[in-house]
Amino acid sequence: MFPKFDRDIAFPLLGSLILFGMLAGAGVVYQALFDGGAAERLITVMLIDAIIVLGIQVYVGNTGVLSFGHIGFGAIAGYTFAVLAITPEEKAKRIPDAPFGLADVDMSSTLAIIIAVVVACLAAVILGIGLARSGAQSGAVSATVITLALLFVTHEVSRNWPELTGGERVGLFFPIGGALDTRAPIYLALLGSLIVARLYAQSRSGRLAVAAREDNLAARAMGVNPLVQQMVALIISVAIVAVGASLSVYEDGSLLPENFFFDFTLLTLVMLIVGGRNSVTGAVLGVAVMTAGRELARRLGQDGFEILGIGLDGKPLDWIFRENLQTVFLGLSMLGFMIWRPKGLLDDWELDEWLRSRVRRNHPDPQPEPLPEVVADTTSVLHAEHIDVKFGGFKALADAGLHANGGEVVGIIGPNGAGKTTLVNVITGLVQPSAGEFFIDGDDVSKTQTYELARRGIVRTFQNLRLFGALTVRENVEVSSLIAQSHRIGRTIPDIDALIAEAGLWEHRDRRANALDYGNSRRLELARAAALAPSFLLLDEPTSGMSNSESLEMIEQVRHMAATVGAGVIVIDHDLGFITGISDRIYAFDQGAVIAVGTPEEIQANHRVQAAYLGSTAEA
């Protein structure tokens, strides 16, 4: 669940406590400076807003899917809580005809909140299935539209089902056993939300969700099922939002459809965007900044407000400093940050990670011992035959095939457009063939999805680099290792740090992947693939963009990495020297078909290969 105790549990707990103390302490200081009911109300609302924004951050920040629907889930929870917690006497005044016998239900507030959370989570499961079917991923418009639809559906239901909700005119106004006369439940919920949000981000599921957020295709190629991680994130997220929404209703003592609609959705999203959607620390900062900014804008827009004796509501300033200035401030904040700083004030910076880096600065990790080479499982077999692939009227593969045994290196060469990468895409589940089939150890896996194939031991790299850019070198490799620990049972799982050192990346282990140069990025991609303890490594042009000397180094790197995990290798490359130097057998492709199979020497001497690949005019 949590790969490293200090990094994933101890420091996140410490950071959560500090953030809680800072936010709660700021509220206490504000109340001391501005004594009165308005100040107390402002801080209470800020704390509840922080709970809800933290809930949204768990989903949006970790999956990258922008959701407009979380306030809709809040409405579901809020109405569920209100209907259950209001006494039968009060319901007789407001909703005497409540369906399902709810008019007679008399329940404690605590139990009502628990049930509200359960109901909201059930709704999240239903919506999550819809998101899964839409292929939700970071930046997907369909996912955002689906969540927006939920917001409008909940609003319309609350407006037009007065027997249950009181409708848009009457609503639900009630004392639930008296007002919420202490902030203790809010403080407890806020601290719990901080801890859950940080621990989820550091958990196995959270790390896999972030990997899919960074590159959905690469994550699936490493064995990650993004839809599972998105569902987990959604349920945890909605549970936190439901608690915050219930406390909001409890504190207000009233509920109207407009309370959980577009205005509140916009406010919470702006808070998240301003602070940094990928960071729990950023979410807290965004709530504090926007609460302070909106309060200042409200005061500046009040009639009679003066600075140094100058009235701000008189000409020529009255067109700026007027009522509803806080709404203008909200819109300008969202517009400004989306244009000039879309990653927010903190991006994905976390307080606890900063603290840990300071502590570790004086206690560097010792470089691990070299990894021993393991005996390859030569009984493993990957076999593809009669593969046809058509893209419109173009036939990319025609009766193509491939056979590879565990422990050997099989090369694939051919001119551009010969079908090399297409065959690898078929074998890794990215392209469905129109005919043919392929097997792993005798099992037909022709219809198997990409992430399932990776878990079966077929792992690939890409012609164009596909790293998890926002993750560090170590975190990139760790993603594959987490999958291997769960699904590569019986295989020798290499130590993460040792694998990084073997790849020559030890000095870069804490750098983000997007900060690496090209050569080290290629090494990281290879190390990440090897961390999955694959039966077969499929490498698509691993020396692309490299010099001759770097290509020669890569020969040794590939052989050694494969040997440390006992994997066979299937490698595509245009560099004939690289292919002949690394391969035990070579398949030559031209126009979607295999034109020759043999040893490096046999392939180099083959007339058809010379004609197709080397440009020779020799007869076939």
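Note that this is a predicted model, so its numbers are computed, not measured.
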Legend entry - ring pair (Phe, Tyr, Trp, His ring centres under 6.0 Å) pairs, two or more places apart, involving residues 196-216: none
Inset, instruction - Measure the OG-CZ distance between S279 and R198 for me, rounded to the nearest 0.5 Å. - result: 7.5 Å
Legend entry - Positive for side chain to side chain contact (heavy atoms under 4.5 Å, CB included) with S193, one of V53, L54, I52: L54
Inset, instruction - Name all residues meeting the side chain to side chain donor-acceptor pair (under 3.5 Å) criterion together with S481; count only those two or more places apart in sequence or in a different chain, and write none if there are none. - result: Q485
Legend entry - Ionic contact status for D510 with R474, cut-off 4.0 Å: no
Inset, instruction - Just grab all the side-chain hydrogen bond (donor to acceptor under 3.5 Å, both in side chains) pairs involving residues 1-29, residues at least two apart or on different chains. - result: D6-R356, R7-E478, D8-Q202, D8-R207
Inset, instruction - Please determine, by modelled atom types, if R509 and T472 share a side-chain donor-acceptor pair under 3.5 angstrom. - result: no
Inset, instruction - Answer yes if the side chains of S237 and H70 hold a donor-acceptor pair under 3.5 Å, and no otherwise. - result: yes
Legend entry - N259 side chain to L256 backbone, donor-acceptor under 3.5 Å: yes
Inset, instruction - Answer whether the closest heavy-atom distance between the side chains of V249 and F260 falls below 4.5 Å. - result: yes
Legend entry - Contact list for residues 116-144, test ring pair (Phe, Tyr, Trp, His ring centres under 6.0 Å), sequence neighbours left out: none
Legend entry - Value rounded to 0.5 Å, distance of CD1 in I76 from OG in S246: 11.5 Å
Inset, instruction - Classify the ring geometry between W354 and W349 as parallel (under 30°), tilted (30 to 60°) or perpendicular (over 60°). - result: tilted
Legend entry - Heavy-atom neighbours of M22 CE exceed 12 at 6.0 Å: no
Please output the side-chain donor-acceptor pairs of residues 56-63 that fall under 3.5 Å, not counting sequence neighbours, one pair per line with the distance.
from	atom 1	to	atom 2	distance (Å)
Q57	NE2	R277	O	3.2
N62	ND2	V58	O	2.8
T63	OG1	Y59	O	2.6
T63	OG1	V65	N	3.2

Inset, instruction - Answer yes or no: is there a donor N or O on one side and an acceptor on the other, between the side chain of N514 and the main chain of G469, under 3.5 Å? - result: yes
Legend entry - Atom pair CG/CG of L285 and L23 - distance to nearest 0.5 Å: 10.0 Å
Inset, instruction - Please determine if R159 and E156 form a salt bridge, counting it only when a charged side-chain N lies under 4.0 Å from a carboxylate O. - result: yes
Inset, instruction - Report yes or no: do S486 and R455 form a side-chain donor-acceptor pair below 3.5 Å? - result: no
Legend entry - Close side-chain approach of L467 to S521, heavy-atom, < 4.5 Å: yes
Legend entry - Ion pair check, R512 and D348, cut-off under 4.0 Å: yes
Inset, instruction - Ignoring hydrogens and angles, tell me if any N or O in the side chain of T154 forms a donor-acceptor pair with the backbone of A75 under 3.5 Å. - result: no
Legend entry - Side chains of I483 and L208 in contact at under 4.5 Å (non-hydrogen atoms): yes
Inset, instruction - For the pair Y30 and F34, name the ring-plane relationship: parallel under 30°, tilted 30 to 60°, perpendicular over 60°. - result: tilted
Inset, instruction - Give a yes or no answer on whether the side chain of K91 reaches the backbone of V83 with a donor-acceptor pair at less than 3.5 Å. - result: yes
Inset, instruction - Name the orientation class of the two ring planes belonging to F262 and F68 (parallel below 30°, tilted from 30 to 60°, perpendicular beyond 60°). - result: parallel
Inset, instruction - Mark yes or no for whether S480, through its side chain, and L532, through its backbone, hold a donor-acceptor pair below 3.5 Å. - result: no
Legend entry - Lys NZ or Arg CZ of R360 over F11 ring: under 6.0 Å, within 45°: no
Legend entry - Under 3.5 Å: donor-acceptor pair, side chain of D495, backbone of D497: yes
Legend entry - Sequence neighbours excluded - ring pair (Phe, Tyr, Trp, His ring centres under 6.0 Å) pairs with any residue from residues 109-139: none
Legend entry - Exam field: side chain T291 to backbone A288, donor-acceptor pair closer than 3.5 Å: no
Inset, instruction - Would you check if F73 and L150 make a side-chain contact, meaning some heavy-atom pair closer than 4.5 Å? - result: yes
Legend entry - Heavy-atom check, side chain of L194 versus side chain of V280, under 4.5 Å: yes
Legend entry - Any donor-acceptor N/O pair, E214 side chain to A470 backbone, under 3.5 Å: yes
Legend entry - Polar side-chain atom of R220 near backbone of V224 as donor-acceptor pair, under 3.5 Å: no
